[in-house]
Amino acid sequence: MASHSSTLFASPSSFNLSSSHRLNPSTKYVNLHFPRPIKRLHFDLRCSVAIEKEVPETERPFTFLRDSDGGTQSSSSSVRARFETMIRTAQDKVCEAIETVEGGPKFKEDVWSRPGGGGGISRVLQDGNVWEKAGVNVSVVYGVMPPEAYRAAKAATSEQKPGPIPFFAAGISSVLHPKNPFAPTLHFNYRYFETDAPKDVPGAPRQWWFGGGTDLTPAYIFEEDVKHFHSVQKQACDKFDPSFYPRFKKWCDDYFYIKHRDERRGLGGIFFDDLNDYDQEMLLSFATECASSVIPAYIPIIEKRKDTPFNEQHKAWQQLRRGRYVEFNLVYDRGTTFGLKTGGRIESILVSLPLSARWEYDHKPEEGTEEWKLLDACINPKEWL
């Protein structure tokens, strides 16, 4: 589960790289505006599980948790409560950093709740000075999910659950699309997930796991930027286990893979999911460290590249790469799948998509160009450190 994607979250034809076809700057961009759907998504579960529509709220609550889960100031020591505190703090800090760089434009905030329990805070900044679209969302939700949603959450292909499964999920998810083609898109997502025993499986154990990651998607490669980004990810990982960075770096390369293009979405970072084979306290601290690393990994790159001069060809290539971003999120991303199958808030699920993207028929950058170098790195993942 990840990307780009819902709030919680958030493989083959090869390109012929020797072609001399070039970008056509006159081709118009495709604007990706998703109107609010007229009908909510429903699933036939035989025993029918109703999917609740979110309710707009006027104020941020102290917590989205129930009292029994640590939703009071006197009982805030549970993992659920501390994870909620972490993601809400991270949301505040990332939004503050983005607004500082923007120098004027502010995030629009929507607070929402679900009748069955939980809710979220969605913040979006559009058409800013630096970012075309920046979304930073948190959610803390309860409910029941159909078996196919459970398999999306766990990436399970053979495990069959007999009925609707009670779940708890909390996470922060963000995608930041800059205007300048030389400034990279960033995605990060960190989440905590629990499932309770299905009603028809007495005695089945409760399950929990952590997931998340931070990854970079530039349109042009500046090697010093990519090395800086990966070095910050490695530093965060090395504080807990030296095996984490190489393991999670490869996991990231493998996960953000567009099968029908035989290429990666970007230049990677770290990614992990279904992580529960370590101490729970350690994993909570690790997720906190990773979320805290987003600003030092990304903001210095943006400050360096946001005012770089560019032309229409540079912009057209950025739009083509954003088309790849859209393809991955809508076709492969587990977070998007999970959000749609559990009736998540559609605006939060699709906030990861850019305002505009572009598709050209049979486009192939000329070998040796800067565009070709980016595509080659997406097809053949590199070790940046």
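All residue numbers in this chain count up from 1 along the given sequence. These numbers were taken from a predicted model, which means no experiment stands behind them.
- Here the rule is ring-ring contact (aromatic ring centres under 6.0 Å, His included) with Phe271, and of Tyr257, Tyr245, Tyr190, Tyr255 only Tyr255 fits it.
- At most 12 non-hydrogen atoms from other residues, nucleotides or ligands lie less than 6.0 angstrom from CD of Glu383.
- When the salt bridge (charged side-chain N to carboxylate O under 4.0 Å, His left out) test is applied to Lys234, the partners found at least two apart in sequence or on another chain are Asp238.
- You'll find the side chain of Thr63 reaches within 4.5 Å of the side chain of Glu84, heavy atoms only.
- For Glu370, the salt bridge (charged side-chain N to carboxylate O under 4.0 Å, His left out) partners two or more places apart in sequence, or in a different chain, are Lys373.
- Counting heavy atoms from C-beta outward, Glu371 and Gln313 have side chains that approach closer than 4.5 Å.
- Evaluation of the side-chain contact (heavy atoms from CB on, under 4.5 Å) rule for Glu59 yields no partner, not counting sequence neighbours.
- With respect to the salt-bridge test (charged N to carboxylate O, under 4.0 angstrom), the residues Asp215 and Arg264 do not qualify.
- For the residue pair Ile121 and Gln91, the shortest heavy atom distance occurs at O-NE2, 3.1 Å.
- Looking at Thr336, its side chain never comes within 3.5 Å of a backbone N or O of Tyr332 through a donor-acceptor pair.
- Side-chain contact check for Ile302 versus Val101: some heavy-atom pair is nearer than 4.5 Å.
- Remark: aromatic rings of His177 and Tyr325 are close, center separation under 6.0 Å.
- By the salt bridge (charged side-chain N to carboxylate O under 4.0 Å, His left out) test, Glu327 pairs with Arg261, sequence neighbours left out.
- Salt bridge present: Asp273 and Arg334 bring a charged side-chain N and a carboxylate O closer than 4.0 Å.
- Between the Glu132 side chain and the Leu355 main chain, a donor and an acceptor come within less than 3.5 Å of each other.
- Inter-residue side-chain proximity for Trp208 and Leu283 is flagged as met; some heavy-atom pair is nearer than 4.5 Å.
- Within a 6.0 Å radius of CD in Glu223, other residues, nucleotides and ligands contribute 12 heavy atoms or fewer.
- Summarising the local packing, NZ of Lys382 is surrounded by more than 12 heavy atoms from other residues, nucleotides or ligands at distances under 6.0 Å.
- For the pair Arg305 and Phe222, the cation-pi criterion (under 6.0 Å, within 45° of the ring axis) is fulfilled.
- How far CD of Glu281 is from CZ of Phe286: 15.5 Å, rounded to the nearest 0.5 Å.
- Pairing each heavy atom of Pro178 with each of Pro184, the nearest pair is CG-O, 3.1 Å.
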Take Leu320 and His363 through the test side chain to side chain contact (heavy atoms under 4.5 Å, CB included) and record every step on the way to the result. CA-CA 9 Å; Leu320 283 168; His363 176 270; 3.8 Å; yes
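- Remark: Asp253 engages Lys249 in a side chain to side chain donor-acceptor pair (under 3.5 Å) (not counting sequence neighbours).
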Assess the residue pair Leu176 and Thr185 against the criterion (side chain to side chain contact (heavy atoms under 4.5 Å, CB included)); give the C-alpha distance rounded to whole Å, side-chain angles, the decisive distance to 0.1 Å, and a yes or no. CA-CA 5 Å; Leu176 311 172; Thr185 286; 5.9 Å; no
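- The heavy-atom pair separating Trp384 from Leu267 by the smallest distance is NE1-O, 3.8 Å.
- Qualifying ring-ring contact (aromatic ring centres under 6.0 Å, His included) partners for Phe107, counting only residues two or more places apart in sequence or in other chains: none.
- In this structure, Asn180 and Val130 have side chains that are not in contact, with every pair of non-hydrogen atoms separated by 4.5 Å or more.
- The shortest heavy-atom contact between Val136 and Ser174 is CG2-OG, 3.5 Å.
- The side-chain contact (heavy atoms from CB on, under 4.5 Å) check on Lys93 picks up Thr89, Ile295, with sequence neighbours excluded.
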The test is side chain to side chain donor-acceptor pair (under 3.5 Å); show your working for Asn329 and Asp333 and say whether it passes. CA-CA 5 Å; Asn329 280 26; Asp333 182 61; 5.6 Å; no
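- Remark: Pro61 pairs with Phe64, Val111 by the side-chain contact (heavy atoms from CB on, under 4.5 Å) rule, at least two apart or across chains.
- Nearest heavy-atom pair, Pro181 versus Ala219, reported as atom, atom and distance to 0.1 Å: O-CB, 3.6 Å.
- Between atom CD1 of residue Ile301 and atom CZ of residue Phe229 there is a gap of 7.0 Å, rounded to the nearest 0.5 Å.
- Using a 4.5 Å cut-off on side-chain heavy atoms (C-beta onward), Met86 and Tyr192 make no contact.
- Between the side chain of Tyr142 and the main chain of Arg66, a donor-acceptor pair closer than 3.5 Å is present.
- More than 12 heavy atoms of other shown residues, nucleotides or ligands fall within 6.0 angstrom of atom CD in Glu109.
- The closest donor-acceptor contact from the side chain of Gln233 to the backbone of His228 lies at 3.5 Å or more, if one exists at all.
- A pairwise comparison of heavy atoms in Arg322 and Ser356 identifies CD-O, 3.8 Å as the closest pair.
- Without hydrogens or angle criteria, Arg80 side chain to Ala170 main chain gives no donor-acceptor distance under 3.5 Å.
- The CD1 atom of Ile270 lies 4.0 Å from the SG atom of Cys237; values are rounded to the nearest 0.5 Å.
- Within the structure, no pair that satisfies the side chain to side chain donor-acceptor pair (under 3.5 Å) test touches residues 97-108, not counting sequence neighbours.
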Test Phe193 against Phe168 for ring-ring contact (aromatic ring centres under 6.0 Å, His included), laying out the working first. CA-CA 6 Å; Phe193 206 97; Phe168 167 87; 8.4 Å; no
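- Looking at Arg358 and Glu360, a side-chain N of the basic residue comes within less than 4.0 Å of a carboxylate O on the acidic one, giving a salt bridge.
- Counting only distance, with no hydrogens or angles, the side chain of Asn137 and the backbone of Ser173 share no donor-acceptor pair below 3.5 Å.
- A 4.5 Å side-chain heavy-atom check between Phe210 and Asp274 finds every atom pair outside the cut-off.
- Side chain of Gln318 to main chain of Phe182: no donor-acceptor pair is present (N/O by atom type, distance under 3.5 Å, no hydrogens or angles).
- Within the structure, salt bridge (Lys or Arg N to Asp or Glu O under 4.0 Å) pairs that include any residue of residues 285-298 comprise Lys239-Glu289 (at least two apart or interchain).
- Take Asp110 and apply the salt bridge (charged side-chain N to carboxylate O under 4.0 Å, His left out) test, not counting sequence neighbours, and it matches Arg345.
- Between atom CZ of residue Phe256 and atom CG of residue Leu216 there is a gap of 11.5 Å, rounded to the nearest 0.5 Å.
- Within the 4.5 Å cutoff, side-chain heavy atoms of Leu330 are placed close to those of Leu353.
- Shown here are the side-chain contact (heavy atoms from CB on, under 4.5 Å) partners of Val55, two or more places apart in sequence or in another chain: Glu57, Ser113, Pro115.
- At distances below 3.5 Å, not a single donor-acceptor pair connects side-chain atoms of Lys315 with backbone N or O atoms of Phe310.
- Between Trp131 atom CH2 and Lys179 atom NZ the span is 12.0 Å, to the nearest 0.5 Å.
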